[in-house]
Amino acid sequence: MIFRFNYFIELVSIILFFFLFGCENYNIRGKTFNQNDLKNQNFGIVIHGGAGTILQKNMTKEMDLRYRIKLEEIVKLGYSILKNGGTSQEAVEKTINEMENSPLFNAGKGAVLNSKAQIELDASFMNGKTLNAGAVAGVNTIKNPISAAIKVMENSPHVMLFGDGAEEFALSEGLDIVDPDYFFTKERLQDLKRVKSAEKKTALFLDNDLKNLKYGTVGCVALDKNGNLAAGTSTGGMTNKKWNRIGDAPIIGAGTYANNKTCAISATGWGEFFIRNVVAYDISALMEYKGLNIKEASDIVINQKVAKLGGDGGVIGIDKDGNIAMEMNTNGMYRAYMNSRGDLIIKIYSDE
Ligand code: ASP
């Protein structure tokens, strides 16, 4: 009994010690305890469905609602995977698959068309624990490019595969292969026609309504109950893109980055500027080397560095402790998150 009482006193004093001094590790009776033994590991998920000139005045109530309902359904799916002990990799893949399958977003079905009215899809994935990564670019028969990116990471010695080779690999991995027609929607064909006719008259990126037609990429970042981060991004790129142009989405460090030491990031926007600013990695580097928090780092990269060069877009991020950032320098970004407390946030416009 006396032994038990002493043990009880010792345990209470350890808890008090952690509470007062935030000690990393503590040794008791030959066993090492740390703060995670006393508190549950935070977890959380953030998704985006693209950034751009998304103005309330151009959006019908019905469209606004359709996006919000879809974002809610998808973020809840990812959240339930994490809550039930699933990995961040699984949560990122499954949520992006849902967005790729929805014609609302510029990824998978409903992707934008290149200048020849063809589909060219790009995607990438990074695992924050292993720092392993995979990507595919310029594909048009792989139903879910994010799953192909994960297979490249897991089952090939490479990081990025392109075009026919990437499709051959996806087929050999047993992924769903579809006819390119599967991805086409009449809305995206209309977008292409509008951009092409405007291209003759005006500088495309100065026209706000047309800029809106260029974005809509999807992405997801997640932190699981084991403290592992993951990030993924999937896109059709930019309407009217030419010459097999590849954007930032399949480039590790530009459109996607994850590192358990810092954060997981997925970007959306005018890809050329995100490549030149190495956006996703730069946010992680500012956190690692300068000690900035995820909000400060995302703000500097999006609102100062990218904006200064004339680029626009946004990022979503989650750090190793579950803190969340959703930063943009555009009028809007379809975005949502859920955290371990069960808070659910869904937003479209920048001033919400
Ligand atoms: N970043 C993508 C690209 O440049 C486009 C987007 O985010 O919508 O390909």
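Since this is a predicted model, take the numbers as computed values, not measurements. FYI, the numbering just counts along the sequence from 1. Counting starts at 1 for both ligands and their atoms, following the listed order.
The contact set between ligand 1 and Gly216, taken as ligand atoms under 4.0 Å from a residue heavy atom, comprises 8 (O). Residue Gly237 has at least one heavy-atom neighbour below 4.0 Å for each of these atoms of ligand 1: 5 (C), 9 (O).
Distances between N or O atoms of Thr268 and those of ligand 1 include at least one value under 3.5 Å. In terms of N/O distances under 3.5 Å, ligand 1 is not approached by Ala249. The N/O atoms of Gly271, backbone and side chain alike, include one that comes under 3.5 Å of an N/O atom in ligand 1. Taking any N or O of Met238, backbone or side chain, none lies under 3.5 Å from an N or O belonging to ligand 1. When only interatomic distances are considered, the shortest N/O to N/O separation between Asp248 and ligand 1 falls below 3.5 Å.
The residues Lys94 and Glu90 are annotated as not salt-bridged, no charged nitrogen and carboxylate oxygen being separated by less than 4.0 angstrom.
Residues satisfying the salt bridge (Lys or Arg N to Asp or Glu O under 4.0 Å) criterion with Glu296, sequence neighbours excluded, are absent altogether. For Glu352, the salt bridge (Lys or Arg N to Asp or Glu O under 4.0 Å) criterion is met by Arg68, not counting sequence neighbours.
Asn155 and Glu173 form a side-chain donor-acceptor contact under 3.5 Å, judged by distance and modelled atom types alone. Side-chain atoms of Ser234 and Glu100 include a donor-acceptor pair closer than 3.5 Å. A donor and an acceptor atom, one from each side chain of Ser266 and Thr233, are located under 3.5 Å apart.
When non-hydrogen atoms are compared, ligand 1 lies under 4.0 Å from the side chain of Arg245 (C-beta onward) but not from its backbone.
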